[in-house]
**Q** 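Below you will find the structure I want to go over with you.
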There are 2 protein chains.
Amino acid sequence: MFSQSEENYIKAIYHLEVSPNKGISTNAIAEKLETKASSVTDMIKKLSEKELVAYKKYQGVKLTFHGRKVAANIVRKHRLWEVFLVEKLNFSWDEVHDVAEQLEHIQSPKLINQLDALLGFPTHDPHGDPIPDKDGNLNMIDKKLLSTLEINEIGLCVGVEDSSSEFLQYLDKKNIELGKTIKVIEKEEFDNSVIIEINQKRISVSNKIANNLYIKTS
Amino acid sequence: MFSQSEENYIKAIYHLEVSPNKGISTNAIAEKLETKASSVTDMIKKLSEKELVAYKKYQGVKLTFHGRKVAANIVRKHRLWEVFLVEKLNFSWDEVHDVAEQLEHIQSPKLINQLDALLGFPTHDPHGDPIPDKDGNLNMIDKKLLSTLEINEIGLCVGVEDSSSEFLQYLDKKNIELGKTIKVIEKEEFDNSVIIEINQKRISVSNKIANNLYIKTS
DNA sequence: AATAATTTTTAGACAAGTCTAAAAAATGAT
DNA sequence: ATCATTTTTTAGACTTGTCTAAAAATTATT
Ligand SMILES: [Mn+2]
Ligand SMILES: [Mn+2]
Ligand SMILES: [Mn+2]
Ligand SMILES: [Mn+2]
């Protein structure tokens, strides 16, 4: 249907569209895909030709309805594969992304439907990100960054903003896992670090951590 | 490591090398990959450059030791994925090949090792073909085509020569499955069809079937 | 051994995807 | 409003993998 490159571009644009706002800039796409702006312009023209994006010179780019469906399906596959790798093949959450980046391009509706069933129709991937359904709908849960919580607020770890190996391994080392309960004990004005209670212990986490960990307050 | 195209060529040559015999002809590769002879010549030069094949103009091509290892690993991945699709995702044996053709190109040694473990270290794929181990060794079982059996010989269905959907679905319809016992009752000289006993019933199978079904006689 | 048929290679072209360098447009600062 | 900076697009080139048509080499036939 679409080439691997085309799919990667579509997905990048999808992830850059936080709300149905302005067009996405050529540079933003280039940065996300670690490519050059000129290459992005070239590809955008092709995607526009195929009506996956709406594009007017110098005005950035937006996904069409169809483009958004295509993107959601790629994201669906990516996240289902990540769940598979963790649940069935004993990968840890910091190892799955690169492999999923390849697996997301496999074309077989039956494969992905059966995988979904094998995994028990999961709603979120190992990093807490929602898995789009067959129609591309995803149910966002209401979560906030740890850094935005008030003192004494209690919540559940439900996701990460940064999915880099380094960050995930750091969380592992600190025994911070999705599903665990966190309470904010103290917020340090000086460096914006936060003292939290988790695993019946009090630990201090830097602002960088607090800015990349999502909490669901009930 | 290698491109998808390069991998497909290497695998095709591997499959065409029945015994360590003559070099494989350009035309044979072209036919197997449904491409043109000129394209094959081009690619062969690249593979030769990378020392995956030994090539002398007009003399055909042979895998090097290294090339054979690379090929066996691709075949290993292909067959393990086929087992996965059948055992874990409820695919039937006639549906797996095309998806495996894509999955075989995923690069991740951990993925394939864990998959192997999840499946219980299978030795054969759903069509009865042996799965190479990590070093590329495969244990061939001693099997013969049904058409070569004598009257009253008894054996186990262990593989198919032709893996086309059409043939596999035909076997399904006739209730012929790998693992079942077959006895040759009669061989018809006229059209080379064979009357066999399977599932406690006697049925006649055409020469075309008998030439594509492998039997292991104990 | 000479000629005919077949196979293989070469030459030249094309599409996809990428890059660098330069031109054009948009944005920001005085 | 003018000039400077940044962003985006264009122009031209390169790589990979493919193709068609023609040339060269091999193999088969008389
Ligand atoms: Mn991911
Ligand atoms: Mn990808
Ligand atoms: Mn197969
Ligand atoms: Mn393949």
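It should be emphasised that the depicted structure is a prediction, and the values quoted were computed from it without experimental measurement. Convention: sequence-line order gives letters A, B, ...; per-chain numbering from 1.
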**Q** For A/Glu34 and C/dT18, what is the distance between atoms CD and C1' respectively, to the nearest whole Å?
**A** 15 Å

**Q** Report yes if the side chains of A/Lys88 and A/Leu85 come closer than 4.5 Å at any heavy-atom pair, otherwise no.
**A** no

**Q** Among D/dG17, C/dT9, D/dA11, which is the nearest nucleotide to the side chain of B/Ser3?
**A** D/dG17

**Q** Please determine, for the side chain of B/Ser39, which listed nucleotide (D/dT18, D/dT10, C/dC19) has the closest atom?
**A** D/dT18

**Q** Which heavy atom in A/Ile176 sits nearest to a heavy atom in A/Cys157, and how many Å separate them?
**A** CG2-SG, 4.1 Å

**Q** Summarise how protein sits on nucleotides 23-29 of chain C as a single string, 5' to 3': B when a protein heavy atom is under 4.0 Å from the base, S for sugar-phosphate-only contact, - for no contact.
**A** -BSS---

**Q** Using atom CD1 of B/Ile44 as one end and atom C1' of C/dT7 as the other, report the distance to the nearest whole Å.
**A** 13 Å

**Q** Report the distance from atom CG of B/Leu47 to atom P of D/dT16, rounded to the nearest whole Å.
**A** 12 Å

**Q** Using the side-chain heavy atoms of B/Asp42, tell me which of these nucleotides is nearest: C/dT18, D/dC19, D/dG17.
**A** D/dC19

**Q** What is the distance, rounded to the nearest whole Å, between atom CD of A/Glu49 and atom C1' of C/dG17?
**A** 16 Å

**Q** Is there a side-chain contact between A/Phe167 and A/Asn212 (heavy atoms, below 4.5 Å)?
**A** yes

**Q** Quick one: which of D/dG17, C/dG17, D/dT8 gets closest to the side chain of B/Lys46?
**A** D/dG17

**Q** Do you know which two heavy atoms are closest between B/Asn207 and B/Asp191, and how far apart they sit?
**A** CB-O, 3.7 Å

**Q** Verify the neighbour count for atom CD of B/Gln107: are there more than 12 heavy atoms of other residues, nucleotides or ligands below 6.0 Å?
**A** yes

**Q** From CE of B/Met43 over to P of C/dT8, roughly how many Å is that when rounded to an integer?
**A** 18 Å

**Q** For a quick test of your reading: what N or O donor-acceptor pairs under 3.5 Å do the side chains of residues 26-43 of chain A make, sequence neighbours left out?
**A**
{"residue": "A/Thr41", "atom": "OG1", "partner": "A/Ala37", "partner atom": "O", "Å": "3.2"}

**Q** Counting N and O atoms only, with roles assigned by atom type, does the side chain of A/Gln114 sit under 3.5 Å from a partner on the main chain of A/Leu111, one being a donor and the other an acceptor?
**A** no

**Q** Using 4.0 Å as the upper bound for N to carboxylate O, is an ion pair formed by B/Glu104 and B/Arg79?
**A** no

**Q** On DNA chain C, compare the nucleotides closest to B/Tyr55 and A/Gln4; which residue's is nearer the 5' end?
**A** B/Tyr55

**Q** Distance-only check: which donor-acceptor pairs under 3.5 Å involve side-chain atoms of residues 125-151 of chain A, not counting sequence neighbours?
**A**
{"residue": "A/Asp125", "atom": "OD1", "partner": "A/His127", "partner atom": "N", "Å": "2.7"}
{"residue": "A/Asp125", "atom": "OD1", "partner": "A/Gly128", "partner atom": "N", "Å": "3.0"}
{"residue": "A/Asp125", "atom": "OD1", "partner": "A/Asp129", "partner atom": "N", "Å": "3.0"}
{"residue": "A/His127", "atom": "ND1", "partner": "A/Glu82", "partner atom": "OE1", "Å": "3.2"}
{"residue": "A/His127", "atom": "NE2", "partner": "A/Trp93", "partner atom": "O", "Å": "2.8"}
{"residue": "A/Asp133", "atom": "OD1", "partner": "A/Asp135", "partner atom": "N", "Å": "2.8"}
{"residue": "A/Asp133", "atom": "OD1", "partner": "A/Gly136", "partner atom": "N", "Å": "3.0"}
{"residue": "A/Asp133", "atom": "OD1", "partner": "A/Asn137", "partner atom": "N", "Å": "3.0"}
{"residue": "A/Ser147", "atom": "OG", "partner": "A/Ala210", "partner atom": "O", "Å": "3.4"}
{"residue": "A/Ser147", "atom": "OG", "partner": "A/Asn211", "partner atom": "OD1", "Å": "2.8"}
{"residue": "A/Thr148", "atom": "OG1", "partner": "A/Leu145", "partner atom": "O", "Å": "2.7"}

**Q** Are OP1 or OP2 of C/dA16 and a side-chain N or O of A/Ser5 less than 4.0 angstrom apart?
**A** no

**Q** Considering residues at least two apart in sequence or located in another chain, which fulfil the ring-ring contact (aromatic ring centres under 6.0 Å, His included) criterion with A/Phe84?
**A** A/Trp81, B/Phe84

**Q** Using side-chain hydrogen bond (donor to acceptor under 3.5 Å, both in side chains) as the criterion, point out the one residue from A/Lys62, A/Arg68, A/Lys22 that pairs with A/Glu17.
**A** A/Arg68

**Q** Think B/Asn27 has a side-chain N or O under 4.0 angstrom from the OP1 or OP2 of C/dT6?
**A** no

**Q** With a 3.5 Å cut-off and heavy atoms only, can you find an N or O donor on one side and an acceptor on the other between the side chain of A/Ser38 and the base of C/dT18?
**A** no

**Q** In residues 97-105 of chain B, which ones come under 4.0 Å of DNA chain C, going by heavy atoms?
**A** none

**Q** Send over the distance from A/Lys56 NZ to D/dT9 P, rounded to a whole Å.
**A** 13 Å

**Q** Just how far, in rounded Å, is C1' of D/dT6 from CD of A/Glu31?
**A** 15 Å

**Q** Which residues within residues 6-16 of chain B lie with some heavy atom under 4.0 Å of an atom in DNA chain C?
**A** none

**Q** Using only side-chain N and O atoms of B/Lys45, determine if any of them is under 4.0 Å from OP1 or OP2 of C/dT10.
**A** yes

**Q** Starting from C1' on D/dT18, measure out to NZ on B/Lys36 and report it in whole angstrom.
**A** 10 Å

**Q** Taking only side-chain N and O atoms of A/Ser25, does any of them lie within less than 4.0 angstrom of OP1 or OP2 on D/dT7?
**A** no

**Q** Do B/Val61 and B/Ile13 have side-chain heavy atoms sitting under 4.5 Å apart?
**A** yes

**Q** Counting only side-chain heavy atoms from C-beta out, which of C/dT20, D/dT9, C/dT9 sits nearest to A/Thr26?
**A** D/dT9

**Q** Tell me whether the guanidinium CZ or amine NZ of B/Lys110 lies under 6.0 angstrom from the six-membered ring centre of A/Phe91 and within 45° of its axis.
**A** yes

**Q** Return the nearest nucleotide to the side chain of A/Thr41; candidates are C/dT18, D/dT8, C/dT8.
**A** D/dT8

